[in-house]
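One structure below.
Start at 1 and go down the list; that is how both ligands and their atoms are numbered. One is the number of the first residue; the rest follow in order along the sequence.
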Amino acid sequence: MISSVLPTYSRAPLSFVSGAGSWLTEADGRRFLDLGAGIAVNALGHAHPKLVEALTAQAGALWHTSNLYQIPQQQALADKLVDATFADTVFFTNSGTESCELAVKMARKYFYDKGQPERVEIITFDGSFHGRSSAGIAAAGSEKMTKGFGPLLPGFVHLPFGDHDALTAAINDNTCAIMVEPVQGEGGIRPLPDVCLKGLRDLCDEHGILMILDEVQCGVGRTGKLFAHEWAGITPDIMMVAKGIGGGFPLGAVLATENAASGMTAGTHGSTYGGNPLGCAVGCAVMDIVTAPEFLAEVNRKASLLRQKLEGLIATHPDVFESVRGTGLMLGLKCKVAPGDFVAAGYAQEVITVPAADNVVRLLPPLTITDDEIAEAVARLDRTAASL
Ligand SMILES: *Cc1c(COP(=O)(O)O)cnc(C)c1O
């Protein structure tokens, strides 16, 4: 008999009942060190006092009106994002895949309005992940996500990761945009080298096409910059954001330049919940914290501490690990064992990690993790590796 919850997930036998900072408490009382952070969602850990305060204050005042009216919290968050990034304008969503939907619509509308309606093709790369909506799965294109769900939204061109020749050959008069994650998350923590990101930007400029970055997982301080593309010194035309921006409250956004957004006039897009007062109040609190002086410097300092300890860990367990890769606090342990086995063994040591493709175990701890917790995390990962 089918379970009352649609069985689309294979879940670990763990039920967490509360969280504080980097720690989650299981129903049986065990305390787990959380190096997954809800897949990079709980960027400021669990129950951060400033986020709890922002949410509860807003909850007592007003939950929902509608985008028929002005929403001051939405305006405030948009202003913060515009101030802190390349963007001139922001649309709020509730998830990453909704951000993908709008990014695709925005890019196509841009060329339609320019009198080039044939420019609809969006180039994406193997191993990418853009969410589970029809546009999201068509964009990523992997058989695992698309099989049985056809006909797929047309207009996506899938290329091998890092194949420059294939890319230049694929750009033609129908190309509208390139969509890419600066650091692939689900694909196995595969960072696009800065030089490649620069090269993509140049290629987009050369051909007059739009650059769409998916920073749903790698954004909001995760890599040690507010957004990962800043490491390469380039800016996109359109950027998808979600996960960390809400710190655990469902919130996403599409950021864009004025030029790229020029087709999105009144009536062209909308969302009932997107930009609601609750989500935006929390988003403002998240932005205030991650853009405060020294916050990102601390993320970078802690990232190198963790990285250094992980290098030691892989040297101690050459039969379990191959290498460590990633940027900032978005790290991957490339394994010689099945990543799912490692993650499951970690539960016995009360440490939470997340599997990814390409035989990688992801470490995406709260950006607020302390030095002591980093030491404890590596000790637990060490015991996990020893147990295999
Ligand atoms: C998680 C993720 C998405 C999808 O976000 P949802 O909120 O699950 O819809 C899209 N892109 C990337 C890079 C992601 O990591």
Side-chain angles (χ1 to χ4, degrees), residues 6 8-9 11 36-43 91-107 122-142 144-146 149 153 156 158 161 177-192 197 200 211-223 227-229 236 238-255 271 273-276 279 282-283 286 326-332 353-358 360-365 367:
L6 190 73
T8 57
Y9 302 102
R11 297 173 195 267
I39 318 187
V41 166
N42 303 99
F91 181 93
F92 291 104
T93 68
N94 309 285
S95 67
T97 205
E98 286 170 78
S99 294
C100 177
E101 295 287 327
L102 173 55
V104 169
K105 286 175 70 175
M106 186 184 282
I122 298 177
I123 293 173
T124 63
F125 300 92
D126 285 355
S128 62
F129 183 77
H130 304 296
R132 297 296 195 131
S133 64
S134 292
I137 61 173
S142 74
K144 185 180 153 216
M145 281 185 277
T146 58
F149 297 116
L153 184 66
F156 292 96
H158 306 105
F161 187 79
I178 295 174
M179 179 188 283
V180 66
E181 294 158 79
V183 184
Q184 282 189 353
E186 307 300 308
I189 312 291
R190 292 201 293 179
L192 203 63
L197 214 47
L200 285 181
M211 178 184 231
I212 304 173
L213 293 183
D214 182 344
E215 294 231 16
V216 168
Q217 194 162 148
C218 63
V220 195
R222 178 58 46 193
T223 67
F227 289 101
H229 65 265
I238 300 172
M239 179 168 72
M240 295 146 60
V241 176
K243 294 200 166 101
I245 187 70
F249 196 90
L251 176 64
V254 174
L255 280 64
S271 165
Y273 293 120
N276 69 80
V282 177
V286 170
T327 315
L329 288 174
M330 185 172 187
L331 295 169
T353 56
V354 185
D358 203 27
V360 163
V361 168
R362 271 179 286 181
L363 307 180
L364 307 159
L367 306 180

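Under a 3.5 Å cut-off, the side chain of E215 and the backbone N or O of H229 do form a donor-acceptor pair. Checking side-chain atoms of T146 against main-chain N and O of A138 turns up no donor-acceptor pair under 3.5 Å. At least one donor-acceptor pair under 3.5 Å links the side chain of R362 to the backbone N or O of P355.
Distances between N or O atoms of Q217 and those of ligand 1 include at least one value under 3.5 Å. Polar contact check, H130 against ligand 1: no nitrogen or oxygen pair lies under 3.5 Å apart. On a distance-only criterion, G131 and ligand 1 share no N/O pair closer than 3.5 Å.
At least one protein heavy atom sits closer than 4.0 Å to atom 7 (O) of ligand 1.
Atoms of ligand 1 lying under 4.0 Å from any heavy atom of D214, numbered from 1 in the order shown and given with element: 10 (C), 11 (N), 12 (C), 13 (C). Applying the 4.0 Å criterion to heavy atoms of E181 picks out, from ligand 1, the atoms 13 (C). Every atom of ligand 1 with a heavy atom of T97 under 4.0 Å away is listed here by number and element: 4 (C), 5 (O), 6 (P), 9 (O).
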| said: Please determine whether side-chain contact (heavy atoms from CB on, under 4.5 Å) holds for the pair F227 and V220, giving the CA-CA distance in whole Å, both sets of side-chain angles, and the decisive distance to 0.1 Å. | reply: CA-CA 6 Å; F227 289 101; V220 195; 4.1 Å; yes
Evaluate the criterion side-chain contact (heavy atoms from CB on, under 4.5 Å) for residue pair V286 and L251; output intermediate values, then yes/no.
CA-CA 11 Å; V286 170; L251 176 64; over 6 Å; no
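Contact annotation: for S95 versus ligand 1, heavy atoms closer than 4.0 Å belong to both the backbone and the side chain. At a heavy-atom cutoff of 4.0 Å, ligand 1 is contacted by the side chain of K243 but not by its backbone.
In this structure, a donor-acceptor pair under 3.5 Å is present between the side chains of S133 and T97.
Here E181 does not pair with R190 in a salt bridge; the nearest charged N to carboxylate O distance is not below 4.0 Å.
Annotation: atom 5 (O) of ligand 1 to nearest protein heavy atom, G96 CA, 3.2 Å.
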